[in-house]
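The structure appears below as structure tokens.
Predicted model only: the values in this text are computed from it and were never measured. Computation of the quantities below employed the complete heavy-atom set of this structure, encompassing side-chain atoms and omitting hydrogens, waters and symmetry-equivalent molecules. The chain is numbered in sequence order, starting from 1.
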Amino acid sequence: MSQSQLADAQVTTQVTLPVAAGQVGRLSQALMAMVLGVFVVGMVGFSHIDVVHNAAHDVRHSNAFPCH
């Protein structure tokens, strides 16, 4: 087989990945980001476990987020 015959014989496949498109996808992504942010800043930041609280406190200070 020659090069041109091999090029003609090749089969190309296209794979499409699912993408969150439209208002529903954007809204759900925004809501999940807000829930994660509230959890990290609120729940973890006010945790009674000292190691967890101190880690969240240090992250807030490194991101210039006021906490006290």
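- In this structure M34 satisfies the side-chain contact (heavy atoms from CB on, under 4.5 Å) test together with A30, L31, sequence neighbours excluded.
- Linking ILVMFWY residues whenever their side-chain heavy atoms come closer than 4.5 Å, directly or via other members, leaves L27 and V35 in distinct clusters.
- Partners of L36 under the side-chain contact (heavy atoms from CB on, under 4.5 Å) rule, at least two apart in sequence or in another chain, are V40.
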